[in-house]
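Note sheet for the following structure.
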There are 2 protein chains.
Amino acid sequence: MGKRIVPDIVVARLPLYLQTLKQLQREGEYTTSSNGLGKRIDISAAQIRKDLSHFGEFGKQGTGYAISYLIEQLEEILNVNQVWDMALVGVGFLGHAIANFRGFNSHGFQVKLIFDNNPTVIGSNIAGFIVQDSNKMEEIIQEHNVKVAMITVDSDHAQEVADRLVKSGVKAILNYAPVTIKVPEGVQIQYIDPIIELQHMTYYLD
Amino acid sequence: MGKRIVPDIVVARLPLYLQTLKQLQREGEYTTSSNGLGKRIDISAAQIRKDLSHFGEFGKQGTGYAISYLIEQLEEILNVNQVWDMALVGVGFLGHAIANFRGFNSHGFQVKLIFDNNPTVIGSNIAGFIVQDSNKMEEIIQEHNVKVAMITVDSDHAQEVADRLVKSGVKAILNYAPVTIKVPEGVQIQYIDPIIELQHMTYYLD
DNA sequence: GTATATAAGTTAAATTTATCACAAAAAAAT
DNA sequence: ATTTTTTTGTGATAAATTTAACTTATATAC
């Protein structure tokens, strides 16, 4: 039946389900239920079942879900039954931390290219990668057919970098710069911004 | 009329409005409109007006919003017309990056305490702070009356650290560990997890 | 001075999202 | 072997959220 249109808010919850299933698996569990899974992450059992029902039938009445099977299925749905090469643009403290993060690999991603425009860091080795000149970004990204990128440059340069990434064929951008970026239709963008999250919380504090 | 109950989804958008208004201000603008603001961040003008209407009347027909005034008001609503001291627990690469991040200060936050359990880093100086022994976390956090904390320890220790933070009086936790954490009623929690965001995007890629 | 354009705040409508409740199926208990 | 319990997937219902439309006010153009 192909990929029907699924609400984005549903898609956004799938990675959390996947993460939690993997954790259950690490804890030695083999099966779980919409109820058991939901308790873990404070999501109702009905919602989990409804969400999954957009993609097929993965459970069994009376027993629930076979964890390894549901993981497989979710990985396929989310297209992480493969490893996406990523480009990282900007190697300040944050870029450094991301380059050295060992958590991507087992979840469908790996850093492949690192860029910066600062001559003092270009050519240096970070987490096993030679930092490349961001002037050659378009060329190198195209050559390596990289489709996913992370931006950790400062706010003033984030839009320009994003534009160049898009030109190079990048289709998904994770932006750490605290600024909204415009991308064309068909290019995905997500934001990571601690200040946004902190201010969201302080609303509820006195 | 006090603080009526405002949908959390509305509250979640306010920090983005604030961020964008500050940016407009840096660009030299003095006024904006729901339309102008919305265009920047791909949110409809009606939604911005509706969101703001939960908190009062901040604009003027015909002209729109005075940026500096709206910034002031949003800062008050979000309780960032003050500076919140923060504790940072865990000083790996990521903790390092956060400790050195210069962006918190102008948005209502500052790192005040840094903790780790690794004897080789305890006592060392990071971004001007002496890393403290996490065994003394409760005591020191209470003493400094810190209400906001960031967790950058590994997944296996995140819940335990969160529990101890809560015991110490922390009321808002920003968790960077890729695991869901349980906190009691009245304690705020938010997550930052690049893998979740990346997988959300790869759903839409082929 | 009058007409036109801009734009907030709000009420109503439309849409989206989440919950509920139940039939069907499997497993466990008696 | 039958009853009870667990649990899925789903259609119906309820709730939440967004959009649209409208009234009022201000500013600008003529």
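We name chains A, B, ... by the order of the sequence lines, and we start the count at 1 in each one.
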Donor-acceptor side-chain pairing of B:Tyr203 and A:Asp8 below 3.5 angstrom
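Side-chain D/A pair, B:Tyr203 to A:Asp8: absent.
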
How does protein reach along nucleotides 21-27 of chain D, written 5' to 3' as B (base within reach of a heavy atom under 4.0 Å), S (only sugar-phosphate), or - (no contact)?
B--BBBS

What pairs of residues pass the salt bridge (charged side-chain N to carboxylate O under 4.0 Å, His left out) test when at least one of them lies in residues 174-184 of chain B, not counting sequence neighbours?
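Matches after skipping sequence neighbours: A:Asp42-B:Lys182.
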
Which pairs count as salt bridge (charged side-chain N to carboxylate O under 4.0 Å, His left out) when at least one residue sits in residues 107-117 of chain A, sequence neighbours excluded?
A:Asp85-A:Lys112

Keeping to residues at least two apart or across chains, list the side chain to side chain donor-acceptor pair (under 3.5 Å) pairs with something in residues 163-173 of chain A.
A:Glu138-A:Arg164, A:Gln159-A:Asp163

Counting N and O atoms only, with roles assigned by atom type, does the side chain of B:Thr152 sit under 3.5 Å from a partner on the main chain of B:Gly90, one being a donor and the other an acceptor?
yes

Backbone N/O of B:Asp51 and side chain of B:His54: donor-acceptor pair under 3.5 Å
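Pair found, side chain donor or acceptor close to backbone of B:Asp51.
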
Within residues 27-40 of chain A, the residues having a heavy atom closer than 4.0 Å to DNA chain D are A:Ser33, A:Ser34

Can you name the residues that form a side chain to side chain contact (heavy atoms under 4.5 Å, CB included) with A:Ile122, not counting sequence neighbours?
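Checked A:Ile122 against side chain to side chain contact (heavy atoms under 4.5 Å, CB included); matches are A:Asp133.
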
Run the side chain to side chain contact (heavy atoms under 4.5 Å, CB included) test against A:Ala46 and tell me which residues pass, sequence neighbours left out.
A:Ser44, A:Arg49

Grab the CD1-P distance between A:Ile48 and D:dT7 for me, whole Å please.
13 Å

Mind grabbing the angle between the end helix axes of the helix from C:dG1-D:dC30 to C:dT30-D:dA1? Five pairs an end, 10° rounding.
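End-to-end axis angle for the helix from C:dG1-D:dC30 to C:dT30-D:dA1: 10°, rounded to 10°.
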
So what does B:Ile9 hit on the nucleic acid, given a heavy-atom distance under 4.0 Å: a base, only sugar-phosphate, or nothing?
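Here B:Ile9 touches the backbone only, sparing every base.
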
Expected list for residues 93-107 of chain A: side-chain donor-acceptor pairs under 3.5 angstrom, two or more places apart:
residue	atom	partner	partner atom	Å
A:Asn100	ND2	A:His96	O	2.8
A:His107	ND1	A:Gly103	O	2.9

What side-chain donor-acceptor pairs closer than 3.5 Å can you find for residues 60-78 of chain B, not counting sequence neighbours?
residue	atom	partner	partner atom	Å
B:Thr63	OG1	B:Lys60	O	3.4
B:Glu75	OE2	B:Lys22	NZ	3.3

Can you give me every donor-acceptor pair (side chain of residues 185-192 of chain A, partner residue at least two apart or in another chain, under 3.5 Å) with its distance?
residue	atom	partner	partner atom	Å
A:Tyr191	OH	A:Ile181	N	2.9
A:Tyr191	OH	A:Ile181	O	3.1

Bounds of contact between DNA chain C and chain B, in 5' to 3' order, using a heavy-atom cut-off under 4.0 Å
C:dT6 to C:dA12

